[in-house]
Amino acid sequence: MKTIIRNIDCLVTCRGESVKKGREMMNAGVIQDGYVVIEEDRISAVGEGGGYREYIGPSDRVIDGRGKTVTPGLIDSHTHVVYAGSREFELPLKLAKVGYIDILKAGGGILSSVRETRAASLLELASQSENRLDLMLTHGTTTIESKSGYGLDLQTEMKMLGVNKALNESHPMDIVSTFMGAHAIPMEFKEDREGYIKLIIEEMMPKIKEENLAEFADCFCEEGVFDIEETRRILNAAKAAGFKIKLHADEVVSTGGAELAGELKAVSAEHLVAASTCGMKAMADNNVIAVLLPTTSFYLMLGKFADARKMIDLGVPVALATDCNPGTSPTESLQTVMTYACFGLKMMPEEIINAVTLNAACAAGREREIGSIEAGKKADIVIFDAKNLNYLIYHFGVNAVDTVIKGGLIVVKGGIKC
Ligand code: IZC
Ligand code: ZN
């Protein structure tokens, strides 16, 4: 049985050869009155007008796309979705203008989530995380990148990555795993940074690689967390151990993280609110993807957003993600991120949709399989109750998802998980 979506008012294919940058980001491959043909788990044809008729057989399922916008399944290329507990008790501190890094230094923030995640059983951790995956899926996300980093000891880091692996198998969501032991210095190593860095490099990385629990490694390069020298050392060791690399760079203060991302030829650098022009150029020269997280800037009340316009002008490929985490962006909704990208980052709707599909697929290392609606790619598709792409971003704060198709199967219908 084939599935055919026909008469689509706005079919946003996001087709493209490789990661999009500069003016290419404005090309979202939009087809008016489009159709998509799905066979088994793949897209087999894409076109416009009545061309779908030649594919319809008597037993095929036909979905009407009138009044709808259809996009590739959204890809959330930066999340910390596996964690236990929550941190809403920090809201008064935030409002009293206690800085994010100061809360961390006092043993809160990330370290608070570490305590809860260490204490949770594997089943409890999986169950809390699965609820968030359900929310992501019903909001149109079909693939995520998911980082460890609330363990900061080998056992709990492996527990988190084990949850990624188990949920990747049991849940419709596809999960790309990132090892982030370098998320903070744990309390027990407060007086021995060197000891912790050695533990990451000499024990955690080899074990996690041996068990094949993560594809990427990431490091929180930030004033008060890991400095440039430490980050360079950790990520060079990660590369040598066989990980692809990402880094949290210049989120609050410019420490030269963007420059380092260029130097290390990282797949991506994330946040970049305080990135220097020189760093952006180093990223452009080395094709490092900027994963921007505008809901985090909003939530940290930074008073500014990453300079997406400058990055696009300089030829840095831009992706967008939720940063879904318990402290600085507790949201599962990429649709919300898309609205913030428009009003905060001043990105255009076409740039935004490319940034949560094809460019995000590139940041997650999955561009051959997903990220666009093209014959041969996996049938991960979202049907939105929105008459065009602008409307999807303009009408905000609600879930516009009607149907989600994952690997050819309908997994969300009428906005509800099947
Ligand atoms: O739990 O605070 N920025 N890491 C770096 C985070 C945010 C997650 C958190
Ligand atoms: Zn993050």
Side-chain angles (χ1 to χ4, degrees), residues 8-12 14 25-26 28 30 65-79 81 88 91 94 131-144 270-271 273 290-309 312 318-360 381-404 412-417:
I8 303 164
D9 269 359
C10 179
L11 170 59
V12 188
C14 298
M25 285 198 69
M26 278 302 288
V30 176
R66 258 174 279 231
K68 310 287 192 219
T69 293
V70 172
T71 73
L74 306 183
I75 300 167
D76 197 343
S77 56
H78 179 141
T79 84
V81 72
E88 69 281 2
L91 282 176
K94 285 166 78 85
N131 290 339
R132 290 186 278 273
L133 293 190
D134 285 348
L135 274 170
M136 288 173 156
L137 195 71
T138 51
H139 284 77
T141 301
T142 50
T143 299
I144 62 163
E270 349 257 308
H271 290 290
V273 178
V291 178
L292 303 182
L293 311 162
T295 50
T296 306
S297 307
F298 156 74
Y299 214 80
L300 283 173
M301 298 184 277
L302 289 179
K304 68 178 203 172
F305 288 90
D307 198 343
R309 291 266 46 102
I312 293 171
V318 171
L320 290 160
T322 60
D323 196 15
C324 176
N325 77 70
T328 63
S329 186
T331 181
E332 290 78 13
S333 169
L334 268 174
Q335 290 172 65
T336 303
V337 170
M338 290 164 74
T339 297
Y340 277 77
C342 183
F343 292 95
L345 302 178
K346 310 288 186 284
M347 286 173 70
M348 296 292 287
E350 292 81 359
E351 294 170 329
I352 291 168
I353 196 71
N354 278 318
V356 291
T357 56
L358 189 65
N359 281 10
I381 291 171
V382 187
I383 305 176
F384 287 103
D385 253 323
K387 54 193 172 187
N388 55 53
L389 181 58
N390 283 4
Y391 191 88
L392 177 61
I393 288 161
Y394 146 94
H395 182 213
F396 84 108
V398 291
N399 184 13
V401 166
D402 175 66
T403 301
V404 179
V412 173
K413 207 171 174 183
I416 294 165
K417 192 174 172 229

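In terms of heavy atoms, A355 sits closest to M25 at CB-CE, 4.2 Å. Scanning both residues, L320 and A341, for their nearest heavy atoms gives CD1-CB, 3.5 Å. Smallest separation of non-hydrogen atoms from G67 and D9: N-OD2, 3.0 Å. The two residues G73 and V382 have their closest heavy-atom pair at CA-CG2, 3.7 Å. The shortest heavy-atom contact between K346 and R309 is O-NH1, 2.9 Å. Of all the heavy atoms in P294 and F305, the pair that sits closest is O-CE2, 3.3 Å.
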Might you work through the side chain to side chain contact (heavy atoms under 4.5 Å, CB included) test for V356 and I75, ending with a clear yes or no? CA-CA 6 Å; V356 291; I75 300 167; over 6 Å; no
Which is it for L137 and K417 under the side chain to side chain contact (heavy atoms under 4.5 Å, CB included) test, yes or no, and what are the steps along the way? CA-CA 8 Å; L137 195 71; K417 192 174 172 229; 4.1 Å; yes
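From D323, atom CG reaches atom NE2 of H271 across 4.5 Å, with rounding to the nearest 0.5 Å. Once rounded to the nearest 0.5 Å, the distance linking CE of M338 with CD1 of I353 reads 3.5 Å. Between the NE2 atom in H139 and the OG1 atom in T322 there is a gap of 11.5 Å [rounded to 0.5 Å]. Atom CG of L292 is separated from atom OG of S77 by 9.5 Å, given to the nearest 0.5 angstrom. Taking CE from M26 and CD from E350, the interatomic distance works out to 4.0 Å, rounded to the nearest 0.5 Å. Between L389 atom CG and L11 atom CG the span is 11.5 Å, to the nearest 0.5 Å.
Inter-residue side-chain proximity for T71 and C14 is flagged as unmet; no heavy-atom pair is nearer than 4.5 Å. You'll find the side chain of C342 reaches within 4.5 Å of the side chain of I352, heavy atoms only.
Remark: the backbone N or O of M301 is not paired with any side-chain donor or acceptor of K94 at under 3.5 angstrom. The backbone N or O of S329 sits nowhere less than 3.5 Å from a side-chain atom of T295 that would complete a donor-acceptor pair. In this structure a side-chain-to-backbone donor-acceptor pair under 3.5 Å is missing from T79 to C324. A side-chain donor-acceptor contact under 3.5 Å links T138 to the backbone of D134.
In this structure, a donor-acceptor pair under 3.5 Å is absent between the side chains of D76 and T141.
Using bins of under 30°, 30° to 60° and over 60° for the plane-to-plane angle, the ring pair F298/Y340 lands in the tilted bin.
F384 is linked by a ring pair (Phe, Tyr, Trp, His ring centres under 6.0 Å) to nothing, counting only residues two or more places apart in sequence or in another chain.
For the side-chain hydrogen bond (donor to acceptor under 3.5 Å, both in side chains) condition, the pairs that include at least one residue of residues 386-399, sequence neighbours left out, are Q335-N399.
D385 and K68 are joined by a salt bridge, as a carboxylate oxygen and a charged side-chain nitrogen come within less than 4.0 angstrom of each other.
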